[in-house]
**Q** 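There's a structure below that I have some questions on.
Computed from a predicted model, the values in this text were never measured in an experiment.
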Amino acid sequence: MKTYPLTSLNIEEATKKQFSLIDEITKVFRGSDILTRGDLGVIPGLNQPRTTNKVEKVLENYFNAEATMLVRGAGTMAIRMALHATMNIGDTLLVHDAPVYPTTKVSIDTMGLKTIATDFNDLEKLQVTLKNQAIDGVLIQITRQKPDDSYDAKEVIQCIQNYLPNTPIVTDDNYAVLKTPEIGSQMGATLACFSTFKLLGPEGIGCIVGNEKAIEKLKAENYSGGLQVQGHEAIDVLRGMIYAPVALALSAKVLEEVKNSLNAGEVKGVKQAYIANAQSKVILVELDEPIASAVLEEAEKLGAAPNPVGAESQYEFVPMFYRLSGTFRAANPDAERTMIRINPMRAGSETIIRILHESIIAVSKQSR
């Protein structure tokens, strides 16, 4: 199997991201304001807390965008609202020829959108589709939807804009934002969407970045006080995003270390290790025997988290050993028996190698 992981920021590049965000915060907030927990409620003239409005301004500047909006419902709702802002019921949405993320499929079905699938890995096929099909909008997932995906999201966006310059493009930036140099809107997409919960932020807060007209439409509809992101939540979004880039770059470094160790034969029972964006950037470990589920059970006993909370949320610091993602299982159902997924979270390579080694030994003893 060959995989094509997204290129991660290195530590130096991630540090610049952190410093840049702090710089933008100082341009919008007074020093005393940032030492508070923010305000609450629907402020006349803003229809949201002042602090939330300021945080959105910070993110707008940070991502060089026309507008930004924090929303309830994490990345799922951000994508749902972005589709709603840019498309009409019954429109035709172009998607990659791969399993669609389950909650995104619900959003597509809810709007009654028709989908046309084409291979984003093959720009010539994409061009043929763009020439011959009536398309009202495009959804691009920045990370991989199946193991052999290799497309460059920026090239896909540019290709689409060459043929359909006025067609809205929504990007699902979950698991890619602050790990890679740019988000979808910086590559030319209409709206980029992601969960701040996956960036060490508060539970359930998502972010939409990009076209001002589309975001103003959403803000006008998002009138209810219960839908507002309160000031303390917005401050927590910033706090998480400050620390996320360097933490994620460290994790990417550990991924390389673990992959190299496993492929050097350091752990008996491992056939091959790959780095892939499935959905998070993880190590896919292919085992010699079909014992994947048993290895995962043993790993949990040895301290590895067995399932995600928000997949890279503030609660997840021990390494996570878990099954393949739903889209990867759908693309290759048999792989689930021999392959596991490991996200280092905040762990070092020594911890991951030890847990994997001891888990495989424990399973081997049980089968004797």
**Q** Mind listing the closest non-hydrogen atom pair of Thr36 and Ser32 along with its distance?
**A** CG2-O, 3.4 Å

**Q** Look at the side-chain heavy atoms of Ile, Leu, Val, Met, Phe, Trp and Tyr, link any pair under 4.5 Å apart, and say whether Val246 and Leu6 land in one connected group.
**A** no

**Q** State whether the side chain of Gln230 and the backbone N or O of Leu40 hold a donor-acceptor pair below 3.5 Å, judged by distance alone.
**A** no

**Q** Using modelled atom types only, decide if a donor and an acceptor are shared between the side chain of Thr104 and the backbone of Val100 within a distance under 3.5 Å.
**A** no

**Q** Only one of Leu70, Thr196, Val55, Asp236 clears side chain to side chain contact (heavy atoms under 4.5 Å, CB included) with Val229; which?
**A** Leu70

**Q** Do you see a donor-acceptor pair shorter than 3.5 Å between the side chains of Asn211 and Thr190?
**A** no

**Q** So if I apply the side chain to side chain contact (heavy atoms under 4.5 Å, CB included) rule between Phe120 and each of Val95, Val138, Asp149, Asp97, which one comes out positive?
**A** Val138

**Q** Between Tyr315 and Glu203, is the side-chain hydrogen bond (donor to acceptor under 3.5 Å, both in side chains) condition met? List the steps.
**A** CA-CA 10 Å; Tyr315 303 111; Glu203 300 91 337; 2.3 Å; yes

**Q** Check for me, please, whether Ile353 and Leu250 land in the same ILVMFWY cluster - side-chain distances under 4.5 Å, paths through other members count.
**A** no

**Q** Against the six-membered ring of Tyr151, is Arg144 placed for a cation-pi contact (under 6.0 Å from the centre, within 45° of the normal)?
**A** yes

**Q** A cation-pi test, strictly: NZ or CZ of Arg341 under 6.0 Å from the centre of the six-membered ring of Tyr322 and no more than 45 degrees from its axis. Yes or no?
**A** yes

**Q** Tell me whether Glu312 is salt-bridged to Lys281, with the criterion being a basic N under 4.0 Å from an acidic carboxylate O.
**A** no

**Q** Answer yes or no for Lys17 and Phe19: cation-pi contact, defined as NZ/CZ to six-membered ring centre under 6.0 Å and angle to ring axis within 45°.
**A** no

**Q** State plainly whether the residues Lys219 and Glu212 are in salt-bridge range, i.e. N to O under 4.0 Å.
**A** no

**Q** Please report the closest heavy-atom contact between Gly348 and Val254, naming both atoms and the distance.
**A** C-CG1, 4.0 Å

**Q** Between Lys198 and Gly310, is there a donor-acceptor pair closer than 3.5 Å when you use the side chain of the first and the backbone of the second?
**A** yes

**Q** On a heavy-atom basis, which atom in Cys193 and which in Ala82 lie closest, and how many Å separate them?
**A** SG-CB, 3.4 Å

**Q** So, the side chain of Ser261 versus the backbone of Glu257: is there a donor-acceptor pair under 3.5 Å, distance only?
**A** yes

**Q** Give the intermediate values and the outcome of side-chain contact (heavy atoms from CB on, under 4.5 Å) for residues Ile25 and Ile242.
**A** CA-CA 10 Å; Ile25 291 170; Ile242 288 165; 3.8 Å; yes

**Q** Going by atom types only, do Glu221 and His84 share a side-chain donor-acceptor pair under 3.5 Å?
**A** yes

**Q** State whether a side-chain donor-acceptor pair under 3.5 Å links Thr15 with Glu13.
**A** no

**Q** Is there a path from Leu199 to Tyr62 through hydrophobic residues (I, L, V, M, F, W, Y) whose side chains come within less than 4.5 Å of each other?
**A** yes

**Q** Under 3.5 Å, side chain of Asn121 to main-chain N/O of Ser150, donor-acceptor pair present?
**A** yes

**Q** Does any N or O in the side chain of Gln161 come within less than 3.5 Å of the main-chain N or O of Gly188, such that one atom is a donor and the other an acceptor?
**A** yes

**Q** Val58 versus Lys27: any side-chain heavy-atom pair under 4.5 Å?
**A** no

**Q** Under a 3.5 Å distance rule, please check whether Lys179 uses its side chain to pair with a backbone N or O of Leu9 as donor and acceptor.
**A** no

**Q** Taking atom types as modelled and ignoring hydrogens, do the side chains of Tyr223 and Gln228 form a donor-acceptor contact shorter than 3.5 angstrom?
**A** no

**Q** Where the side chain of Ser359 meets the backbone of Ala299, is there a donor-acceptor pair that is under 3.5 Å apart?
**A** yes

**Q** State, to 0.1 Å, how close Thr171 and Ser185 come at their nearest heavy-atom pair, and which atoms those are.
**A** OG1-N, 4.4 Å

**Q** Sub-3.5 Å donor-acceptor pair from the side chain of Ser195 to the main-chain atoms of Phe197, do we have one?
**A** yes

**Q** Under the side-chain hydrogen bond (donor to acceptor under 3.5 Å, both in side chains) rule, collect the residues that match up with Lys301, sequence neighbours excluded.
**A** Glu298

**Q** With distance as the sole test, does Asp39 use its side chain to make a donor-acceptor pair with the main-chain N or O of Arg50 at under 3.5 Å?
**A** yes

**Q** Side chains of Glu316 and Ser313: any donor to acceptor distance under 3.5 Å?
**A** yes

**Q** Quick check on the hydrophobic clustering: are Leu302 and Val270 connected, directly or via other members, by side-chain heavy-atom contacts under 4.5 Å?
**A** yes

**Q** Surrounding NE2 of His357 (heavy atoms of other residues, nucleotides or ligands, distance under 6.0 Å), is the total greater than 12?
**A** no

**Q** Before you tell me yes or no, could you show the steps for Gln366 and Ser364 under side-chain hydrogen bond (donor to acceptor under 3.5 Å, both in side chains), namely the whole-Å CA-CA distance, both residues' side-chain angles and the distance that decides it to 0.1 Å?
**A** CA-CA 5 Å; Gln366 293 167 11; Ser364 299; over 6 Å; no

**Q** Assess whether atom CZ of Arg37 is packed by more than 12 heavy atoms of other residues, nucleotides or ligands within 6.0 Å.
**A** yes

**Q** Go through it in stages, so that I can follow the logic: the residues are Glu60 and Lys57, the test is salt bridge (charged side-chain N to carboxylate O under 4.0 Å, His left out), and I'd like the CA-CA distance, side-chain angles, deciding distance and then a yes or no.
**A** CA-CA 5 Å; Glu60 178 183 312; Lys57 182 64 180 175; 3.2 Å; yes

**Q** May I ask whether Leu324 and Leu255 are part of the same hydrophobic cluster, defined by side-chain heavy atoms of I, L, V, M, F, W, Y residues being less than 4.5 angstrom apart, directly or through others?
**A** no

**Q** Is there a donor-acceptor contact under 3.5 Å linking the side chains of Tyr274 and Glu286?
**A** yes

**Q** Ignoring hydrogens and geometry beyond distance, is a side-chain donor-acceptor pair present between Asp136 and Asn88 at under 3.5 Å?
**A** no

**Q** May I ask you to check whether over 12 heavy atoms, not counting those of Ile89, lie within 6.0 Å of atom CD1?
**A** no

**Q** Please find the pair of heavy atoms, one from Ile215 and one from Ile208, that lie closest to each other, and give the distance.
**A** CD1-O, 3.7 Å

**Q** Please report the C-alpha distance between Asp33 and Lys54 in whole Å, then the side-chain angles of each, then the deciding distance to 0.1 Å, and finally whether the salt bridge (charged side-chain N to carboxylate O under 4.0 Å, His left out) criterion is met.
**A** CA-CA 10 Å; Asp33 290 343; Lys54 285 187 173 183; 3.2 Å; yes

